[in-house]
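As the structure is a computational prediction, the values presented were derived from the model and not from experiment.
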Amino acid sequence: MDEVDGMAGNEDRGGIQELISLIKQTKIPIICMCNDRNHPKIRSLANYCFDLRFQRPRLEQIKGAMMTVAFKEGLKIPPPAMNEIILAASQDIRQVLHNLSMWCAKNETLTYDQAKENGRKTKKDIKLGPFDVVRKVFSAGEESASMSLIDKSDLFFHDYSLSPLFVQENYLHVKPAASGSNLKKHLMLLSKTADSICDGDHVDKRIRSQQAWNLLPTQAIYASVIPGELMKGYMAQFPTFPSWLGKFSSTGKHDRTVQELTRHMCLRTHASKRAVNLDYLPYLRDTLVRPLALQGTNGVQEALETMDAYYLMKEDVDCIMEISSWGGRPDPFSKLDPKVKAAFTRTYNKETHMTPYALQAIKKLKHGNGAGSSVNSELNGDLQTEDVQADEAEDNLEMDGMIKPKKSKASKSKTEEKLPQHKGRKDKGKKKATK
């Protein structure tokens, strides 16, 4: 089954599930081939298959086989010319064979200059992913030796937003060929590479802040070309995805959390966001956890009094534990006895907690059965009912004087049918009276 990742549209609907059912029942091996291994449809199919992944063949692997073919066909092609033919086809064996048969149809001899010129005309353009780009940036050998400065710079422009991050994440995993086994030289190369990446980051900041997109080639030199030249060699593992993206997302989330805690405690602390993060949160964490850890259920009331003093909610306690704990270490609240935590939550939900700020809708839903939400709903009930009534009045078409409602035909026919029946009953009564 070739191109199983191409099953899409109405024609192939349910094709993956049918293929999975065939794999479950058949006794004949089924080979499924695809180009996009990370496609969502392939994830379900991969659970029932033995996963074999093939990488693009290297120049040295193809060169020997192609030289054998050329010798058997009587073609006189020098090895450097064969290198240019293979690189022009982007290691595509079928295209290499096709180019050899086309270029050597009249003349069985092909020089290096002819191969380079013909390869330039028939060069295969392919779109590389970020993992392939970073592997090619740090590659060493004949493949990278023939690349010019422009070719190395073009690797950066496959994705100029992600390529610097991939280079910064993976340059430590490369064993540079220039250092050999000399550890001191290896460290010097790492230092120079880090300096070049920092310079590229400065250029990127200028580009983003001042919209100076004409500096992108300069960033390509600092963020991709120079690190690749310094650290080119052998990559010991598969390229890893940039961890900076996940850390940047966590930083934004923690910043919003600290800002919300600052607003909740502003009437007590009168401090900035940074002061709350550095000066208040560690001590608040210890003040909340210490009575629960030392006194157990008897310390629940003391912890709740501290929360009410700073106008904190139950969600704020969880945020304080998350913000004030070091990464990778469990927060002190998670180490408490489950019975103590259950008593703390139960007591908090039973009591009424007055806050000088309006709770969000999501937090109202979480504490829909608690007393705190009922108090807040009573405080804000009048305003909400007035807004709802105003919205309903605006959406009601019957109240609009510019719109005249149209009576349905079915209602007219029913009234017409009822009228003669009613008259008939009156006439019968009159006849009975005359008799």
*Heavy atoms only: give me the nearest Leu215-Val203 pair and the separation to one decimal.*
O-CG1, 3.7 Å
Solution key, residues 302-312 side-chain donor-acceptor pairs under 3.5 Å, sequence neighbours excluded:
| unit_1 | atom_1 | unit_2 | atom_2 | d |
| --- | --- | --- | --- | --- |
| Thr306 | OG1 | Glu302 | O | 3.1 |
| Asp308 | OD1 | His353 | ND1 | 2.9 |
| Tyr311 | OH | Arg268 | NH2 | 3.4 |

*Output yes when Arg53 and Asp51 qualify as a salt bridge under the 4.0 Å nitrogen-oxygen rule, no when they do not.*
yes
*Heavy atoms only: give me the nearest Asn170-Pro239 pair and the separation to one decimal.*
OD1-CA, 3.2 Å
*Run the salt-bridge test on Lys205 and Asp201 with the 4.0 Å N-O cut-off and return the result as yes or no.*
no
_Stepwise side chain to side chain contact (heavy atoms under 4.5 Å, CB included) test for Glu351 and Gln301_ = CA-CA 11 Å; Glu351 296 181 359; Gln301 196 61 37; 3.3 Å; yes
*asked:* In the structure I gave you, are the side-chain heavy atoms of Pro79 and Met67 within less than 4.5 Å of one another anywhere?
replied: yes
*Identify the heavy atoms of Pro164 and Asp159 that sit nearest to each other, and give their distance.*
CD-O, 4.4 Å
*Closest heavy-atom contact between Val4 and Cys34?*
CG2-CB, 3.8 Å
_Pairing residues for Asp132 by the side chain to side chain donor-acceptor pair (under 3.5 Å) criterion, not counting sequence neighbours_ = Arg135
*Are Asn182 and Ser179 close enough that a side-chain donor and a side-chain acceptor fall under 3.5 Å?*
no
*Closest approach of Val300 and Ala343, non-hydrogen atoms and distance?*
CG1-O, 4.2 Å
*Residues in salt bridge (charged side-chain N to carboxylate O under 4.0 Å, His left out) with Asp2, at least two apart?*
none
*Does Met33 CE have over 12 foreign heavy atoms under 6.0 Å away?*
yes
*Contacts of type salt bridge (charged side-chain N to carboxylate O under 4.0 Å, His left out), residue Arg256, not counting sequence neighbours*: none
*Indicate yes or no: does Asp5 engage Arg37 in a salt bridge with an N to O separation below 4.0 Å.*
no
*For the side chain of Ser250 and the backbone of Gly246, is there at least one donor-acceptor N/O pair under 3.5 Å apart?*
yes
*asked:* So does Gln95 get a backbone contact from the side chain of Asn99, meaning a donor-acceptor N/O pair under 3.5 Å?
replied: yes
*Give every residue pair that meets the ring-ring contact (aromatic ring centres under 6.0 Å, His included) criterion with at least one member in residues 191-238, sequence neighbours excluded.*
Phe131-Phe238
*With sequence neighbours left out, what residues match Lys341 under salt bridge (charged side-chain N to carboxylate O under 4.0 Å, His left out)?*
none
*Please determine, by modelled atom types, if Ser243 and Glu169 share a side-chain donor-acceptor pair under 3.5 angstrom.*
yes
*Are any side-chain N or O atoms of Asp316 and backbone N or O atoms of Met313, one a donor and one an acceptor, separated by less than 3.5 Å?*
yes
